[in-house]
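Beneath this line is the structure, given in structure tokens, with notes to follow.
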Amino acid sequence: AWDYAALHREPSRVLQLHPEFRMRRLPVTQLTAASPQTFDPLPEVIVAARLLPAGDIDESSLQLMTVSRTLAWTPPAGDWRLFVYTAVDATDRGVRTDLLNPAAVRAFLDIVYEQFARRFPQHLGSTIRFFVSDHEGSYGAALPYTPALWDTFRHRHNYDLRPLLPLLSSNSARAVQARQDYLETVSHLYAVSFVQQITDWCSQHNVEHGHSDIEETLLLQVLWTGDMFQLWRASSAVFIDALIERARMPVDFQEALSVAHFEKRPLMVETHGLL
């Protein structure tokens, strides 16, 4: 919900009211395990790990450290490093709001969708039959972070992700599983907090909701928005872009058509809708 009219350094109307809902990410700083270390700002996660002679992380050495302004720790023998993850503001594909946070999306609903219910209640479900959220955005820049991330991850996968963060760019079996579970959790939060919450509002007001992200192709979806099929299931109607010559690419339509068929939901096509 952009505010281009006001001379405000923050264009998002959601963030003007709620700066705490800013999209965040977790860049990592790797430090030698010298003692003491002082941190400013306060990190979100600190992990200690021993490096093997080849430069790989000894996975058995990973230790989650207590987060504080000053860390006084004497490492055991070996080449030990501290992996320090600090939550910082992020923007990805123009998105500035934390769409993994249901409270942030609720604020967006209050600013935008609730205005239709307040101003045109008699037209919802009759003149106004459906909303399309043609998002073209992202759930966040790497590594996406939201306050509920750790608890949601533990609930869904039954272990703590934080001590394994240094492995997310590795290729061991344990690293691949952690990365897979992390991306699954982010995709779940994105679908439930963002798409499902808008769908629920639309259903309560007797209108359909079709959600679209970065064209509906599996390659682009996994790059920016996670689980395409989960996003479709979180909508009340299956929506697909069909720009340029993509109307001639039946595989894209078949994916959307199959979901609409299995879920018994209407299929919407952007180009055809515009025509």
Ignoring hydrogens and angles, state whether a donor on the side chain of [X] or [Y] is under 3.5 Å from an acceptor on the partner side chain.
{"X": "Asp227", "Y": "Ser187", "value": "no"}
{"X": "Glu136", "Y": "Trp224", "value": "no"}
{"X": "Asp241", "Y": "Ser212", "value": "yes"}
{"X": "Ser258", "Y": "Gln254", "value": "yes"}
{"X": "Ser172", "Y": "Glu59", "value": "yes"}
{"X": "Tyr190", "Y": "Asp213", "value": "yes"}

| query | Going hydrophobic residue to hydrophobic residue with side-chain gaps under 4.5 angstrom, can you get from Leu231 over to Val259? | reply |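 Different clusters: Leu231 never reaches Val259 through Ile, Leu, Val, Met, Phe, Trp or Tyr contacts under 4.5 Å.
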Does some side-chain heavy atom of [Y] sit less than 4.5 Å from a side-chain heavy atom of [X]?
{"X": "Trp150", "Y": "Thr185", "value": "no"}
{"X": "Leu167", "Y": "Leu62", "value": "yes"}
{"X": "Tyr182", "Y": "Leu149", "value": "yes"}
{"X": "Arg162", "Y": "Arg154", "value": "yes"}
{"X": "Leu15", "Y": "Phe21", "value": "yes"}
{"X": "Tyr113", "Y": "Arg118", "value": "no"}
{"X": "Trp73", "Y": "Gln63", "value": "yes"}
{"X": "Val67", "Y": "Glu44", "value": "no"}

For [X] and [Y], work out which heavy atoms get closest and say how close.
{"X": "Leu82", "Y": "Ala48", "value": "CD2-CB, 3.8 Å"}
{"X": "Gly137", "Y": "Ile214", "value": "O-CD1, 2.9 Å"}
{"X": "His18", "Y": "Ala107", "value": "CD2-CB, 3.8 Å"}

Do [X] side-chain atoms and [Y] backbone N/O form a donor-acceptor pair below 3.5 Å?
{"X": "Ser138", "Y": "Gly140", "answer": "yes"}
{"X": "Gln37", "Y": "Leu31", "answer": "no"}
{"X": "Arg22", "Y": "Asp98", "answer": "no"}
{"X": "Arg81", "Y": "Ala49", "answer": "no"}
{"X": "Ser235", "Y": "Val238", "answer": "no"}
{"X": "Gln16", "Y": "Glu10", "answer": "yes"}
{"X": "Gln197", "Y": "Pro102", "answer": "yes"}
{"X": "Ser133", "Y": "His135", "answer": "no"}
{"X": "Ser126", "Y": "His123", "answer": "yes"}
{"X": "Ser61", "Y": "Arg50", "answer": "yes"}

Whether over 12 other heavy atoms sit under 6.0 Å from [X] [atom1]:
{"X": "Phe262", "atom1": "CZ", "result": "no"}
{"X": "Phe39", "atom1": "CZ", "result": "yes"}
{"X": "Arg129", "atom1": "CZ", "result": "no"}

Aromatic contact between Tyr139 and Phe194, with the criterion being ring centroids under 6.0 Å apart: yes or no?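 When the ring centroids of Tyr139 and Phe194 are compared, they turn out to be at least 6.0 Å apart.
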For Phe229, ring pair (Phe, Tyr, Trp, His ring centres under 6.0 Å) partners two or more places apart
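Result, ring pair (Phe, Tyr, Trp, His ring centres under 6.0 Å) vs Phe229: Trp232.
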Partners passing ring pair (Phe, Tyr, Trp, His ring centres under 6.0 Å) against His157 (at least two apart in sequence or in another chain):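 His157 satisfies ring pair (Phe, Tyr, Trp, His ring centres under 6.0 Å) with Phe153 once adjacent residues are dropped.
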Salt bridge flag under 4.0 Å for residues [X] and [Y]:
{"X": "Asp181", "Y": "Arg179", "result": "no"}
{"X": "Glu114", "Y": "Arg106", "result": "yes"}
{"X": "Asp89", "Y": "Arg24", "result": "yes"}

Exercise for the section: Under the side-chain hydrogen bond (donor to acceptor under 3.5 Å, both in side chains) rule, what do Asp200 and Gln196 come out as? Steps first, then yes or no, please. Expected result: CA-CA 6 Å; Asp200 290 345; Gln196 186 66 62; 2.9 Å; yes
* Asked: In chain order, what residues pass the side-chain contact (heavy atoms from CB on, under 4.5 Å) check against Ser236, with sequence neighbours excluded?
  ->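 Partners of Ser236 under the side-chain contact (heavy atoms from CB on, under 4.5 Å) test: Thr199, Glu208, His209.
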May I have the step-by-step check of ring-ring contact (aromatic ring centres under 6.0 Å, His included) for Phe116 and Phe131, ending in yes or no? CA-CA 11 Å; Phe116 288 93; Phe131 287 92; 5.1 Å; yes
**Prompt:** Does Arg13 make a cation-pi contact with Trp2, if we ask for NZ or CZ under 6.0 Å from the ring centre and within 45° of the axis?
**Reply:**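 Negative - Arg13 is either too far from the ring of Trp2 or too far off its axis.
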#### Entry: Atom pair OG1 (Thr152) and CD (Glu184), whose distance is rounded to the nearest 0.5 Å
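The CD atom of Glu184 is 10.5 Å from OG1 of Thr152, to the nearest 0.5 Å.
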